[in-house]
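Note on naming: letters A, B, ... go to the chains in the order of the sequence lines (proteins, then strands), and numbering restarts at 1 for each one. All heavy atoms count here, side chains included; hydrogens, waters and symmetry mates do not.
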Amino acid sequence: MPELPEVEVTKRSLKSHLQGRQIERINVREKRLRWPLNLNQLNHLLNQDILSLSRRGKYILINSERGTALIHLGMSGSIGILKNDRPIKKHDHFDLVTDNKVIIRFTDPRRFGSFIWAGKNPEKHKLLKNLGPEPLNNDQLGLHLHNLSKGRKTSVKAFIMNANIVVGVGNIYASESLFISGIHPKRRANAVSKNRYLKLATAIQNTLEKSINMGGTTLRDFTYSDAGQKVGYFKQELNVYGRGGSQCSKCEQPIKSVLLSGRSSFYCSNCQH
DNA sequence: AAACGACCCTGAAAGC
DNA sequence: TGCTTTCAGGGTCGTT
């Protein structure tokens, strides 16, 4: 579920309930997440003023006086805001309870998500320190991509999905932005011109922003029961992702579906070169 | 340094 | 119908 827009929406939701408040309790039912949940460290969060919530790539940062905790939603994670308690479901792994008794419940069937303590300088934490730049509000993105592409023989799709190059471009956005900019996903990264990287950067930014806006709209009243639903999802806007075999929206040729770097990839061989 | 594949885990959907 | 296989929006790690 969690695309960057949902991570952003989740972060905003957490912000409205956590910023300026304190976490009174952390209830853990399952420690076996992507990284073992370490309560000794995470308890540093307890009874501290939560100064701000931020996002780095797909990591949500909970910034307190004593340091920062990170939440990652993995492939299947979601967060519910509960004003009143509800029965625990199978994959409800932990809760944060605020000083005004709001329950923030983390649910993640596949357990690829995580909740870890990153200390006083989270940007130096090993999971964050090597991340590439944020794509949004970044007028240097195209030049950045072009500069880093030199000597890279991997496919341009794998290149833009590499979080050390640029964060936030998942499998959907990679396919969509390459379609919009007319670039074949299998093209070698070092064989894409500067001009085309400028177009690609714009396509990435427009796609992400549009999706964030839709996610922001459809999940405006973000609650536990809404979080797992595909309500008004960006899916309707997709040109190629998940549409193998159906007609290209530009030329009506069938969309191709191939496996690339272990991930399904969709493109139009007539429109993308 | 860069590229690749294995791996983490559960459940829904497709295939037989 | 029911069992088996495949696939999923993420990322890290070890090996080459």
Side-chain angles (χ1 to χ4, degrees), chain A residues 1-10 29-37 55-60 70-79 89-93 106-116 118 125-132 135 145 147-178 185-191 204 207-208 210-212 214-215 218-219 227-245 257-266:
Chain A
M1 301 288 183
E3 289 298 312
L4 189 142
E6 289 190 35
V7 176
E8 178 64 25
V9 170
T10 298
R29 287 171 292 273
E30 176 59 83
K31 295 180 178 177
R32 296 172 303 164
L33 303 180
R34 178 66 181 83
W35 308 107
L37 192 153
R55 178 182 61 73
R56 183 75 179 93
K58 291 170 187 163
Y59 289 91
I60 295 167
L70 307 180
I71 290 180
H72 197 292
L73 300 175
M75 295 270 261
S76 56
S78 63
I79 281 180
K89 293 186 190 165
K90 191 173 180 183
H91 301 294
D92 295 344
H93 301 318
F106 177 92
T107 304
D108 182 9
R110 290 176 77 180
R111 291 193 273 120
F112 288 175
S114 53
F115 180 36
I116 57 177
H125 188 274
K126 69 167 186 175
L127 296 178
L128 301 187
K129 67 179 180 184
N130 292 322
L131 291 179
L145 292 176
N147 286 337
L148 288 195
S149 72
K150 291 165 186 169
R152 297 278 187 150
K153 294 182 176 177
T154 190
S155 68
V156 62
K157 176 161 181 274
F159 178 68
I160 60 173
M161 285 179 69
N162 182 346
N164 297 329
I165 304 296
V166 56
V167 298
V169 183
N171 204 26
I172 288 178
Y173 298 107
S175 279
E176 291 298 309
S177 54
L178 287 167
K186 286 185 176 177
R187 176 172 282 272
R188 288 206 323 268
N190 67 355
I204 289 170
T207 310
L208 284 174
K210 188 173 177 182
S211 187
I212 285 173
M214 294 186 70
T218 56
L219 297 176
Q229 305 295 318
K230 295 185 178 182
V231 193
Y233 197 50
F234 183 71
K235 195 172 181 178
Q236 300 102 297
E237 302 297 315
L238 298 177
N239 287 291
V240 289
Y241 185 85
R243 303 196 48 189
S257 171
V258 298
L259 214 56
L260 183 52
S261 304
R263 302 240 171 218
S264 53
S265 306
F266 303 90

*Which heavy atom of A:Asn190 sits nearest a heavy atom of A:Ser149, and at what distance?*
CB-O, 3.2 Å

*Which value, in whole Å, describes the distance between the P atoms of nucleotides B:dC9 and C:dC3?*
25 Å

*Out of curiosity, A:Leu73 CG to A:Met75 CE, how far, rounded to the nearest 0.5 Å?*
12.5 Å

*How many angstroms lie between atom NZ of A:Lys186 and atom NZ of A:Lys157, to the nearest 0.5 angstrom?*
11.0 Å

*asked:* Can you measure A:Ile71 atom CD1 to C:dG11 atom C1' for me and round it to whole angstrom units?
replied: 17 Å

*Length of the line joining A:Arg263:CZ and B:dG5:C1', which is rounded to integer Å*: 12 Å

*Starting from the 5' end of DNA chain C, give me the residue, A:Leu259 or A:Ala163, whose nearest nucleotide shows up first.*
A:Leu259

_Counting only side-chain heavy atoms from C-beta out, which of B:dA3, C:dT12, C:dG10 sits nearest to A:Arg152?_
B:dA3

*asked:* Let me check I have this right: for DNA chain C, each base becomes ., (, ), [, ] or |, based on Watson-Crick or G-U pairs with both distances under 3.5 Å. What is the full string?
replied: .|||||||.|||||||

_Which nucleotide in B:dC9, C:dG11, B:dA3 has an atom nearest any side-chain atom of A:Lys153_ = B:dA3

*Does the side chain of A:Ser264 get closer than 4.0 angstrom to OP1 or OP2 of C:dA8 through an N or O atom?*
yes

*So which nucleotide from C:dG11, B:dG11, B:dA3 ends up closest to the side chain of A:Thr154?*
B:dA3

*Check whether any side-chain nitrogen or oxygen of A:Lys126 sits under 4.0 Å from OP1 or OP2 of C:dC13, and answer yes or no.*
yes

*Could you tell me the separation between the CG atom of A:Asn190 and the C1' atom of B:dA1, rounded to a whole number of Å?*
14 Å

*Which whole-number value in Å describes the distance from A:Leu70 CG to C:dG11 C1'?*
14 Å

*Kindly say whether, by distance alone, the side chain of A:Arg110 makes a donor-acceptor pair under 3.5 Å with the base of B:dC9?*
yes

_Which label fits A:His72 and A:Tyr59: parallel for a plane angle under 30°, tilted from 30 to 60°, or perpendicular past 60°?_
perpendicular

_Rounded distance (Å) that lies between atom P of C:dG11 and atom CD1 of A:Ile116_ = 13 Å

*Answer with base, sugar-phosphate or nothing: what part of the nucleic acid does A:Ser261 contact at a heavy-atom distance below 4.0 Å?*
nothing

*If each of A:Leu128 and A:Gly262 is mapped to the nucleotide of DNA chain C with the nearest heavy atom, which maps nearer the 5' terminus, i.e. the 5' end?*
A:Gly262

*asked:* Between A:Ser211 and A:Thr207 (side chain of the first, backbone of the second, donor and acceptor by atom type, cut-off under 3.5 Å), is there such a pair?
replied: no

*Per-pair stack call A:Phe112 and B:dC8, 5.5 Å, 30°*: yes

*Would you say a side-chain N or O of A:His91 is under 4.0 Å from OP1 or OP2 of B:dG11?*
yes

*Starting at atom CZ of A:Arg188, determine the distance to atom P of B:dC4, rounded to an integer number of angstrom.*
12 Å

*Side-chain donor/acceptor contact of A:Arg111 with base of C:dG10 under 3.5 Å*: no

*Nearest to the side chain of A:Asn171, which nucleotide is it out of B:dG11, C:dT12, C:dG10?*
C:dG10

*asked:* Keeping A:Arg56 on the side-chain end and A:Lys58 on the backbone end, is there a donor-acceptor pair under 3.5 Å?
replied: no

_For A:Tyr241 versus A:Glu176, what's the shortest heavy-atom pair and its separation?_
N-OE2, 2.8 Å

*Minimal non-hydrogen separation, A:Leu148 against A:Arg152, with atom names*: O-CG, 3.3 Å

_Nearest listed nucleotide, side chain of A:Tyr241, among C:dG10, B:dG11, C:dA8_ = C:dA8

_Rounded to whole Å, how long is the line connecting atom CE of A:Met75 with atom C1' of B:dG11?_
12 Å

*Checking all strands, does A:Leu73 fall into the base, sugar-phosphate, or nothing category for heavy-atom contacts under 4.0 angstrom?*
nothing

_At 4.0 Å (heavy atoms only), tell me whether A:Tyr59 reaches a base, stays on the sugar-phosphate, or touches nothing._
sugar-phosphate

*Taking only the side-chain nitrogens and oxygens of A:His72, find out if one of them lies under 4.0 Å from OP1 or OP2 of C:dG11.*
yes

*What's the CD1-P distance between A:Ile160 and C:dG11, to the nearest Å?*
13 Å

*Checking A:Ser76 side chain against A:Gly74 main chain: does a donor-acceptor pair fall under 3.5 Å?*
no

